[in-house]
Amino acid sequence: MGTIKPGGLGIKTRLFQVIFESDTRLAKGFDVFLALLIFLSVGIILLDSVPEYHARFGELFYVMEWGVTLLFTIELALRIYCLEKPKLYLKSFYGVIDVLAVLPTWLALLFPGAQTLVVVRLLRTLRLFRVLEMMTLVGEGRLLMDALIRSRDQILLFLFAVLLVVTIFSSLLYLIEPAEAGFTSIPKSIYWGIVTLTTVGYGDITPVTPWGQFISMMIMLTGYSIIALPVGVFSAEVIRALRAERYSEEACPGCGKHRHEVDARYCKYCGTWLDEETPDPRSSG
């Protein structure tokens, strides 16, 4: 994917510097102002969902939400106007989020209630990471995401095994328990099994026979026993990623040992100069 650039000199370049960059006081102020508008609009939707507030301030909330939406629509139009390749921006992560931020209120004209989807605007506050110089947190989040992707096979296998166990136990409960207890079908029993395995225990379906209660205890104990497995797999991948980020895999040319930090210059075991492409500064002295 190419780089987003201003569409020309003059006003387009100045708009680009304010809207897309954050290296000036005006640009940072613009991003902070946007974040305040985002929190305001989401707060309006949250308060408007409360019946008492809706009855008293419904019209005010409606006007405020449309005011914020119009500001966001103008901002989106300015973003598109100042770019050399607007389609490139609209296909990017932030471009999609910016479009989704203005759609719900407009869609509410055709589909009443769609304005509640404006909570997606909270994703726009990710730009504050850039303004507040917190981009290192984005890198840490990417590390966690990479670890989750690498452990997906083990986690999917674990979920399949859990679903298999729940299905077997739930089918037994369907055979054992009377329909009056709530076990009217195998899917309904599977719902009970998942609720029981996760130790949520809504209590809307409860076994009444001794064998059914015994199986329930086994499922609950199984839930406590296996809940730590996916956490352990994910943690192992995170630790492996941290080690790969901190330590180099290159062996010492002197002793052949590994696990040196990436910025190390000398072997911590034998003191040999590690960078074979440059001379050892000690030898030049």
> Would you tabulate the side-chain donor-acceptor contacts of residues 7-18 under 3.5 Å, counting partners in other chains and residues two or more places apart, or write 'none'?
from	atom 1	to	atom 2	distance (Å)
Thr13	OG1	Gly8	O	2.5

> Show your reasoning for whether ring-ring contact (aromatic ring centres under 6.0 Å, His included) applies to Tyr89 and Phe20.
CA-CA 11 Å; Tyr89 156 69; Phe20 285 95; 5.5 Å; yes
> Any side-chain heavy atom of Ile215 sitting closer than 4.5 Å to one from Leu172?
yes
> Restricting to pairs with a member in residues 158-173, which pass side chain to side chain donor-acceptor pair (under 3.5 Å), not counting sequence neighbours?
none
> Ile190 versus Ser185: any side-chain heavy-atom pair under 4.5 Å?
no
> Look at the rings of Trp211 and Phe214 and say which category their plane angle falls in: under 30° parallel, 30 to 60° tilted, over 60° perpendicular.
perpendicular
> Show the numbers, then the answer: is there a salt bridge (charged side-chain N to carboxylate O under 4.0 Å, His left out) between Arg56 and Glu52?
CA-CA 6 Å; Arg56 294 179 59 185; Glu52 308 92 81; over 6 Å; no
> Tracing side-chain links under 4.5 Å among I, L, V, M, F, W and Y, which residues wind up in one group with Leu164?
Ile168
> Does the side chain of Ser41 come within less than 4.5 Å of Glu65's, by heavy atoms?
yes
> In the structure I gave you, are the side-chain heavy atoms of Ile19 and Phe30 within less than 4.5 Å of one another anywhere?
yes
> When you compare the side chain of Lys91 with that of Val96, does any pair of heavy atoms fall below 4.5 Å?
no
> Which residue pairs pass the ring-ring contact (aromatic ring centres under 6.0 Å, His included) test when at least one of the two sits in residues 171-195, sequence neighbours left out?
Phe183-Trp192
> Scan for salt bridge (charged side-chain N to carboxylate O under 4.0 Å, His left out) pairs involving residues 167-191, sequence neighbours excluded, and state none if there are none.
none
> Should Leu37 and Leu71 be marked as a side-chain contact (heavy atoms from CB on, under 4.5 Å) after you check the CA-CA gap, both sets of side-chain angles, and the distance that decides it?
CA-CA 9 Å; Leu37 279 182; Leu71 288 175; 3.9 Å; yes
> side-chain contact (heavy atoms from CB on, under 4.5 Å), that's the test. Do Val99 and Leu90 meet it? Break it down for me.
CA-CA 8 Å; Val99 172; Leu90 293 174; 3.8 Å; yes
> Mind checking whether Lys28 and Thr24 have side chains closer than 4.5 Å, heavy atoms only?
no
> Is there side-chain contact between Leu40 and Val68, with heavy atoms separated by less than 4.5 Å?
yes
> Does Ile176 belong to the same Ile/Leu/Val/Met/Phe/Trp/Tyr cluster as Met217, with side-chain heavy atoms less than 4.5 Å apart forming each link?
yes
> For the residue pair Glu75 and Arg79, establish whether any side-chain heavy-atom pair is separated by less than 4.5 Å.
yes
> If hydrophobic clusters are built by linking Ile, Leu, Val, Met, Phe, Trp and Tyr wherever their side-chain heavy atoms come under 4.5 Å apart, do Val166 and Leu175 end up in the same one?
yes
> Just to verify, what does Phe169 make a ring pair (Phe, Tyr, Trp, His ring centres under 6.0 Å) with, not counting sequence neighbours?
none
